[in-house]
Amino acid sequence: MVNELKNNIRRSGHAIWLFILVISQFLVSGLAAQQTVLYRDAEADFSNLVKEYEQGLYGRCIRSADKFKAVYKEPVFEQFALEAEFYKLKQG
């Protein structure tokens, strides 16, 4: 009886460790997926905005300019943001 109890405790201990391992794998893989979503290319987004303007898609260009300014707030992208505002004003 005592040996059966010890074996049950050992098995449940292994199950707990297995559960913790599986949960940690899900958390790690979830974090990796978030990092790829966060990466954006400001130069490509800005050139798409310019293409929309050149194609006469003015409403779409205005939305892209607003989105650009909302996403890229860092000082590094300030010149792009100013030009995006310029394209937006040219439409309006």
Side-chain angles (χ1 to χ4, degrees):
M1 178 85 162
V2 174
N3 286 335
E4 287 179 36
L5 184 61
K6 286 182 182 179
N7 286 335
N8 286 339
I9 291 173
R10 283 188 191 136
R11 285 187 200 134
S12 65
H14 292 297
I16 291 171
W17 282 109
L18 181 63
F19 177 74
I20 291 172
L21 180 66
V22 169
I23 295 298
S24 66
Q25 289 299 316
F26 281 120
L27 291 175
V28 169
S29 65
L31 292 176
Q34 287 179 356
Q35 289 174 351
T36 57
V37 171
L38 293 176
Y39 176 75
R40 305 266 323 193
D41 186 6
E43 202 167 330
D45 287 345
F46 182 78
S47 71
N48 287 336
L49 182 148
V50 173
K51 286 178 189 175
E52 290 169 356
Y53 174 78
E54 291 171 349
Q55 293 173 356
L57 304 171
Y58 302 124
R60 194 169 168 185
C61 181
I62 290 171
R63 286 190 300 276
S64 294
D66 288 337
K67 183 178 176 185
F68 188 92
K69 287 175 48 183
V71 171
Y72 302 105
K73 296 180 181 180
E74 294 86 13
V76 175
F77 305 119
E78 185 176 353
Q79 185 61 37
F80 281 135
L82 288 172
E83 290 183 41
E85 182 67 21
F86 172 71
Y87 278 103
K88 180 183 171 184
L89 292 174
K90 280 175 85 172
Q91 270 63 242

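Just so it is clear, the model here is predicted, and its values are computed rather than measured.
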Mind listing the closest non-hydrogen atom pair of [X] and [Y] along with its distance?
{"X": "Phe68", "Y": "Asp45", "result": "CD1-CB, 4.1 Å"}
{"X": "Phe77", "Y": "Ala42", "result": "CE2-CB, 3.4 Å"}
{"X": "Ala65", "Y": "Ala84", "result": "CB-O, 3.4 Å"}
{"X": "Cys61", "Y": "Leu49", "result": "SG-O, 3.6 Å"}

Cluster question for you: counting only ILVMFWY and a side-chain heavy-atom cut-off of under 4.5 Å, with indirect links fine, are Phe86 and Leu82 together?
no
Check whether more than 12 heavy atoms from other residues, nucleotides or ligands sit under 6.0 Å from atom CD of Glu78, and answer yes or no.
no
Verify the neighbour count for atom CD of Glu43: are there more than 12 heavy atoms of other residues, nucleotides or ligands below 6.0 Å?
no
Can you measure from OG (Ser64) to NZ (Lys69) and round to the nearest 0.5 angstrom?
13.0 Å
Rounded at 0.5 Å granularity, tell me how far CG in Leu57 sits from CG in Asn48.
11.5 Å
Would you please classify the geometry between the Phe46 ring and the Phe80 ring as parallel, tilted or perpendicular, with 30° and 60° separating the classes?
tilted
Which of Lys67, Lys90, Lys88 passes side chain to side chain contact (heavy atoms under 4.5 Å, CB included) with Ile62? It is Lys88
